[in-house]
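Residues: numbered from 1 along the sequence shown. As the structure lists them, so they are numbered: ligands from 1, and atoms in each ligand from 1. The analysis underlying the following values was restricted to heavy atoms, covering all of them including side chains, and did not include hydrogens, waters or symmetry mates.
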Amino acid sequence: MQLLCWVLLTLLGAIGFNLYDSFWTADATAKLVTDRTLLASARVIAEAVRVDEGGNVQVDVPPAALEMFDTGFGDRVSYQVITAWGSLVSGVPDLPLPAIHRAGEDRAFHGADVRVMILDHPVVGLPDNGAISVAVAVTHNSQYAMRRQLWLSDFSKQFVLLFVASLVTILGLQRGLAPALRLRDAVRQRGRNRLDPLPPEMVQSELQPLVHALNDYMERVQSQMAAQRRFVSNAAHQLRTPLALISTQASVAAREDDAARRDEALFALRASTKQISRLASQLLTLSRDEPGSRRPRSDAADLCKAAREILEAHAEEALRRNIDVGLEADGPVIVEGDGTMLREMLVNLIDNAIRYTSPNGRVTVAVGQADGNAVVTVEDNGPGIPRGEREQVFERFYRVMGTEAEGSGLGLAIVREVVEGAGGSVVLDGAKGGGLIVTVRLPLA
Ligand SMILES: Nc1ncnc2c1ncn2[C@@H]1O[C@H](COP(=O)(O)OP(=O)(O)OP(=O)(O)O)[C@@H](O)[C@H]1O
Ligand SMILES: [Mg+2]
């Protein structure tokens with residue numbers, strides 16, 4: 001509708017200008033015709049001027065000279081014939097005379113507007129080859145009528161043009177927009193979960209790229225939704241196992257009369273609870289890292305301090321399994337990013353190293369700087385990860401077959417998402433004496 005309004009407005013503007021222009025063209029034409037008639041009339045009168053034997057100038061105005069103005073519009077004609085020395089031969093004495101000869105001019109005469117023209121004409125028999133002047137004036141009725149007629153015919157032509165143009169525009173727009181409207185309705189009427197592609201041939205070829213773009217977008221949304229569904233069902237599955245365990249352990253503890261066995265059950269219950277709360281916090285970390293979640297806080301984090309604190313927190317576990325844990329660091333290594341998330345990333349790496357290394361093993365964490373990057377390596381002498389699986393272990397819920405230690409397969413997924421979110425990279429490699437070495441690079445603050 002807006003487009004139609006604009007098109008019509010432009011057309012109206014063009015036609016308005018055209019009408020203004022054609023009015024003045026019609027006016028000029030009507031003037032020209034009147035002037036020609038005035039000149040012809042003056043010439044006929046001048047030709048009728050005679051000088052008699054007595055030297056008197058006389059004129060017998062032929063009726064045709066005045067009748068040529070009789071076009072049925074009731075115009076009044078006046079004329080004047082005077083000699084070069086100014087004596088009136090015939091006609092009205094007070095006719096207003098134009099300044100330029102042979103050119104029509106608009107003047108007022110006896111309360112009416114007239115067009116007047118003067119013509120000099122030599123007359124045989126006058127002393128010194130003298131001339132006489134003939135002036136003819138006519139009222140404007142016929143001239144205006146002609147102007148009106150010329151203009152009106154133009155007006156009607158323009159009107160027809162406008163009508164046809166609007167009709168064609170409306171029809172064209174309707175035909176052109178109909179497929180776009182169909183596309184709009186098709187998109188609107190879709191159910192919330194319908195994401196199958198729209199047929200591109202439902203619109204004309206110019207709009208087909210739009211449909212392709214829409215289809216691509218829906219495909220991306222669809223795969224995103226499928227990934228979300230998979231994630232939720234995996235998460236629910238992972239939560240169910242420890243929850244069932246907790247429930248059993250609780251019933252066992254409640255039934256047990258023997259204090260020592262009850263303590264044992266309660267101890268196991270506490271371990272299961274820890275496991276489930278770790279899983280919950282991992283899920284939370286992942287959801288915070290999802291696109292569209294709140295923007296991560298951007299502050300400065302000291303990786304060295306974080307690593308030390310995390311190793312201290314894991315000291316008890318390492319001691320229990322007699323794992324030799326070491327930290328190599330020179331001083332603070334500050335990176336920019338969400339401190340909580342970066343810490344979570346280190347927790348997962350150190351947790352893996354201690355968890356998957358067999359008793360009496362060794363875990364070394366090194367924090368340093370190289371080429372303007374912060375570099376963290378976590379090395380262990382455990383079983384390592386086969387080369388073919390080093391990419392897959394970053395997927396959510398992926399675990400290497402045969403891994404005995406508990407876990408849900410989210411740790412490395414968190415590591416990768418946090419590191420990439422902070423603009424860094426993470427690489428898995430085989431350590432020298434067997435085992436795994438994880439290298440994380442992050443831009444320094
Ligand atoms: N340091 C390591 N040495 C040997 N294998 C490892 C090591 N780190 C990870 N893996 C293998 O990669 C898999 C994925 O690790 P990830 O940290 O993502 O999950 P998880 O440790 O199984 O569970 P979660 O960390 O979520 O509790 C592990 O199941 C394990 O098989
Ligand atoms: Mg892990």
Side-chain angles (χ1 to χ4, degrees), residues 227 230-243 245-246 271-290 307 310-311 313-314 317-318 321-327 340-366 376-421 425-440:
R230 252 192 334 267
F231 179 69
V232 171
S233 89
N234 274 331
H237 190 76
Q238 293 287 337
L239 284 167
R240 208 165 52 178
T241 318
L243 277 175
L245 213 59
I246 286 174
S272 302
T273 317
K274 262 191 188 158
Q275 191 190 337
I276 204 166
S277 89
R278 187 172 118 80
L279 179 61
S281 81
Q282 276 181 320
L283 290 174
L284 201 64
T285 309
L286 280 174
S287 85
R288 279 173 65 188
D289 218 31
E290 281 298 310
I310 295 162
L311 284 177
H314 282 77
E317 159 98 359
R321 304 189 56 223
N322 194 27
I323 290 173
D324 174 16
V325 178
L327 174 66
T340 320
M341 301 290 266
L342 289 169
R343 210 187 147 80
E344 199 62 32
M345 181 266 297
L346 289 177
V347 167
N348 277 292
L349 287 181
I350 292 170
D351 176 84
N352 278 355
I354 295 177
R355 190 189 301 231
Y356 298 117
T357 304
S358 20
N360 309 320
R362 182 171 36 77
V363 169
T364 311
V365 180
V376 180
T377 57
V378 181
E379 185 176 353
D380 63 60
N381 63 351
I385 298 179
R387 195 178 288 275
E389 280 180 282
R390 285 187 195 153
E391 189 48 38
Q392 279 151 298
V393 287
F394 285 112
E395 284 167 22
R396 294 174 177 188
F397 300 110
Y398 186 90
R399 305 199 74 211
V400 175
M401 284 279 272
T403 305
E404 273 176 19
E406 301 270 0
S408 42
L410 289 176
L412 288 177
I414 291 175
V415 169
R416 168 118 100 187
E417 286 176 32
V418 171
V419 169
E420 289 185 350
S425 65
V426 51
V427 184
L428 302 185
D429 254 314
K432 272 193 215 88
L436 188 75
I437 175 162
V438 188
T439 310
V440 172

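Looking at heavy atoms from C-beta onward, I310 lies out of side-chain contact with D351 at the 4.5 angstrom threshold. Within the 4.5 Å cutoff, side-chain heavy atoms of V438 are placed close to those of V426. At a threshold of 4.5 Å between non-hydrogen side-chain atoms, the residues E379 and V363 do not count as touching.
A salt bridge links R416 with E391: the distance from a Lys NZ or Arg NE/NH1/NH2 to an Asp or Glu carboxylate oxygen falls below 4.0 Å.
For a threshold of 3.5 Å applied to N or O pairs, the pair formed by L436 and ligand 1 contains no separation below that value. For D380, a nitrogen or oxygen atom sits less than 3.5 Å from a nitrogen or oxygen atom of ligand 1, counting backbone and side chain alike. Note: no N/O pair closer than 3.5 Å links P383 and ligand 1 by distance alone. Residue R355 places no N or O, backbone or side chain, under 3.5 Å from any N or O of ligand 1. Any N or O atom pair closer than 3.5 Å counts here, and G407 shares no such pair with ligand 1. Where the criterion is an N or O separation shorter than 3.5 Å, residue side chain and backbone included, I385 fails it with respect to ligand 1.
Atoms OG and CG, on S408 and L239 in that order, are 8.5 Å from each other to the nearest 0.5 Å. Distance check, rounded to the nearest 0.5 Å: CD of E417 to CD of E344 gives 12.5 Å. One distance of note links OH of Y356 with CD of E404; it measures 11.5 Å at 0.5 Å rounding.
Remark: distances from the non-hydrogen atoms of E406 to ligand 1 are all 4.0 Å or more. Residue-ligand proximity: G382 is placed with every non-hydrogen atom at 4.0 Å or more from ligand 1.
The closest heavy-atom contact to atom 31 (O) of ligand 1, among the options N348, V378, T403, comes from T403.
The side-chain contact (heavy atoms from CB on, under 4.5 Å) test with V393 singles out one residue from L436, L428, T403, and that residue is L428. Of the residues listed (I323, D324, D380), the one engaging R362 in a side-chain contact (heavy atoms from CB on, under 4.5 Å) is D324, and it is the only one.
Listed by atom number, the atoms of ligand 1 under 4.0 Å from Q282 heavy atoms are 24 (P), 25 (O), 26 (O), 27 (O). Near L410, meaning under 4.0 Å from any of its heavy atoms, are these atoms of ligand 1: 18 (O), 19 (O), 23 (O), 24 (P), 26 (O). Residue contact check: R399 has heavy atoms under 4.0 Å from atoms 20 (P), 22 (O), 29 (O) of ligand 1.
Nearest non-hydrogen protein atom to atom 16 (P) of ligand 1 is L412 N, 3.5 Å. In terms of protein heavy-atom proximity, atom 7 (C) of ligand 1 is nearest to Y356 CD1, 3.5 Å. Taking atom 23 (O) of ligand 1 as the reference point, the nearest protein heavy-atom neighbour is G409 N, 2.8 Å. Protein heavy atom nearest atom 12 (O) of ligand 1, with residue, atom name and distance: V393 CG1, 3.4 Å. Shortest contact from atom 17 (O) of ligand 1 to any protein heavy atom: N352 ND2, 2.8 Å. Regarding atom 14 (C) of ligand 1, its nearest protein heavy-atom neighbour is Y398 O, 3.4 Å. Closest protein heavy atom to atom 27 (O) of ligand 1: R278 NH2, 2.5 Å. Closest to atom 4 (C) of ligand 1 among all protein heavy atoms lies G384 O, 3.5 Å.
Distances from the Mg ion (ligand 2) show that N348 has no N/O/S atom below 2.8 Å.
A donor-acceptor contact shorter than 3.5 Å is absent between the side chain of R390 and the backbone of D429. Counting only distance, with no hydrogens or angles, the side chain of S277 and the backbone of K274 share a donor-acceptor pair below 3.5 Å.
Taking a 6.0 Å sphere around CD of E406, one finds it holds 12 or fewer heavy atoms contributed by other residues, nucleotides or ligands.
Taking all atoms of both residues into account, the shortest heavy-atom contact from A307 to V365 is CB-CG1, 4.3 Å.
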